[in-house]
Amino acid sequence: MIPNTNSSYVRVPTPVEFSFEESLVFLNRSLQENLHRIQNDRIIKLLDHQGELILIGVTHAEQHLRVEFLNGKPSEAGQRTAADYVWEWFDLKTDLAPFYEMAAGDPVLQPIVKRHFGLRVLGFPDLFEAMAWAITGQQINLTFAYTLKKRFVEAYGKSIVYENEIYWTFPSCDEIAALAVSDLTPMQYSARKAEYIIGIATEMAKGNLVKENFINGKDAQTVEKELVAIRGIGPWSANYVMMKCLGFTSAFPIADVGLHNALKYQLEMEKKPSIAEIESYAENWKGWEAYATFYLWRSLYE
DNA sequence: TGCCAGGAAGCCG
DNA sequence: CGGCTTCATGGC
């Protein structure tokens, strides 16, 4: 055993309304997930900071997350990147008090919110990953979506080995921009989805599509419109990306079948609710539709 | 085995 | 803008 002489870490403060256990449940939902690993209440994940591969181990302690650097101490900028990543990943910036106040009086959300208090939207800080994953998951079941992602990551991501386990980064847009559709179809991506993903990677690699463009105080309606103008991004994907990457708590992927199923079970309905019915329930959620959706998703895997 | 899956583009009126 | 058709492929 080689002692880790480079042991170091940073702390990321956590709000009162935060449950690490709920985060673990969410991050554990697929056995095929290969972008992080959970061992003994520690989440291990590989980050790529401008080519510098940083393996972090995230654990929970009093009022903070401890972000440990497992493969040596990163540069100063790398440490900041890691802390910022965790901050976004667990959505620690959002003040949930108003959401809980609303949910306490909401017949649909009240029981779920009580059961999973402290759950926060687990996000994708990387815009390319958020978009590529949204497209991958369109109109196919989640199990198959994870299969596709696994193949994609293991074909084009970067990796390191740590304690006999391999850790992957999500492929960069530059890497994917150089591909042809025929590179992705053998791994069972449809040609259409391959076009979408490569197209988005190409725009990002050229600098025409950047996250900062969407988070500079633009209103949700404008951002949604700009996203939907991108080929492969429809209303569902736009709202999914806004919810999981761009920090819009009002984003609402209303066409989501998981949301429909959650409402059906939660309300003990014979069949899935119509869009009009969902809009009716959601009138009370204004400004917090993303959180309402995320908690409803959570209710699907008790 | 047939319906379903964390939809979107394209076309038509 | 609203509705209809096509695409695509595995899961259960």
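Below, all heavy atoms of this structure are taken into account, side chains as well, without hydrogens, waters or symmetry copies. Every chain is numbered from 1, with letters handed out A, B, ... down the list of sequences.
- Backbone-only engagement by Pro235(A) is indicated by non-hydrogen atom pairs under 4.0 Å involving sugar-phosphate atoms exclusively.
- Residue-level contact check: Ile233(A) touches the backbone only, with heavy atoms under 4.0 Å from sugar-phosphate atoms and none from bases.
- The CD atom of Gln138(A) sits 16 Å away from the C1' atom of dC4(B) (whole-angstrom rounding).
- Counting non-hydrogen atoms under 4.0 angstrom, Leu148(A) reaches nothing in the nucleic acid.
- A salt bridge links Glu88(A) with Lys211(A): the distance from a Lys NZ or Arg NE/NH1/NH2 to an Asp or Glu carboxylate oxygen falls below 4.0 Å.
- A gap of 23 Å separates the P atoms of dA9(B) and dG10(C), to the nearest Å.
- The ring pair (Phe, Tyr, Trp, His ring centres under 6.0 Å) search around Phe144(A) returns none, not counting sequence neighbours.
- Remark: Lys272(A) in residues 265-282 of chain A come within less than 4.0 Å of DNA chain B through at least one heavy atom.
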Tabulate atom names and distances for all N/O pairs under 3.5 angstrom spanning the protein and nucleotides 11-13 of chain B.
none

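- Mapping Trp133(A) and Tyr196(A) onto DNA chain B via the closest heavy atom, the residue that lands nearer the 5' end is Trp133(A).
- Taking Tyr85(A) as the reference, Trp89(A) meet the ring pair (Phe, Tyr, Trp, His ring centres under 6.0 Å) condition, with sequence neighbours excluded.
- In this view, Lys264(A) satisfies the salt bridge (Lys or Arg N to Asp or Glu O under 4.0 Å) rule with no residue, not counting sequence neighbours.
- Atoms CH2 (Trp236(A)) and C1' (dA5(B)) sit 11 Å apart, rounded to a whole Å.
- Take the nearest nucleotide of DNA chain B for Lys244(A) and for Val228(A): the residue whose nucleotide is more 5' is Lys244(A).
- Both tests do not hold together for Lys158(A) against Trp168(A): distance to the six-membered ring centre under 6.0 Å, angle to the ring axis within 45°.
- Within the structure, side-chain hydrogen bond (donor to acceptor under 3.5 Å, both in side chains) contacts touching residues 117-132 of chain A (residues at least two apart or in different chains) do not occur.
- Between the Asp183(A) side chain and the Ala180(A) main chain, a donor and an acceptor come within less than 3.5 Å of each other.
- Nucleotide dC4(B) holds its P atom 17 Å from the CG atom of Leu142(A), rounded to whole Å.
- In this structure, Arg231(A) atom CZ and dA8(B) atom P are separated by 13 Å, rounded to whole Å.
- As a whole-Å value, the separation of Glu195(A) CD from dG7(B) C1' is 15 Å.
- Evaluation of the ring pair (Phe, Tyr, Trp, His ring centres under 6.0 Å) rule for Phe248(A) yields no partner, not counting sequence neighbours.
- Every residue was checked against the ring pair (Phe, Tyr, Trp, His ring centres under 6.0 Å) condition with Phe214(A), not counting sequence neighbours, and none meets it.
- Applying the side-chain hydrogen bond (donor to acceptor under 3.5 Å, both in side chains) rule to Thr249(A) yields no partners; only residues at least two apart in sequence or on another chain are considered.
- Judged as a side-chain hydrogen bond (donor to acceptor under 3.5 Å, both in side chains), and not counting sequence neighbours, the contacts of Lys93(A) are Asp91(A).
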Open item on the list: For a quick check, with a 4.0 angstrom heavy-atom cut-off, what is the B/S/- contact string for nucleotides 5-12 of chain C, read 5' to 3'?
Closed with: --SBSBSS
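- Rounding to whole angstrom units, CD1 of residue Ile230(A) and C1' of dG7(B) are separated by 16 Å.
- The stretch residues 14-49 of chain A participates, sequence neighbours left out, in these ring-ring contact (aromatic ring centres under 6.0 Å, His included) pairs: Phe18(A)-His60(A), Phe20(A)-His60(A), Phe26(A)-Phe294(A).
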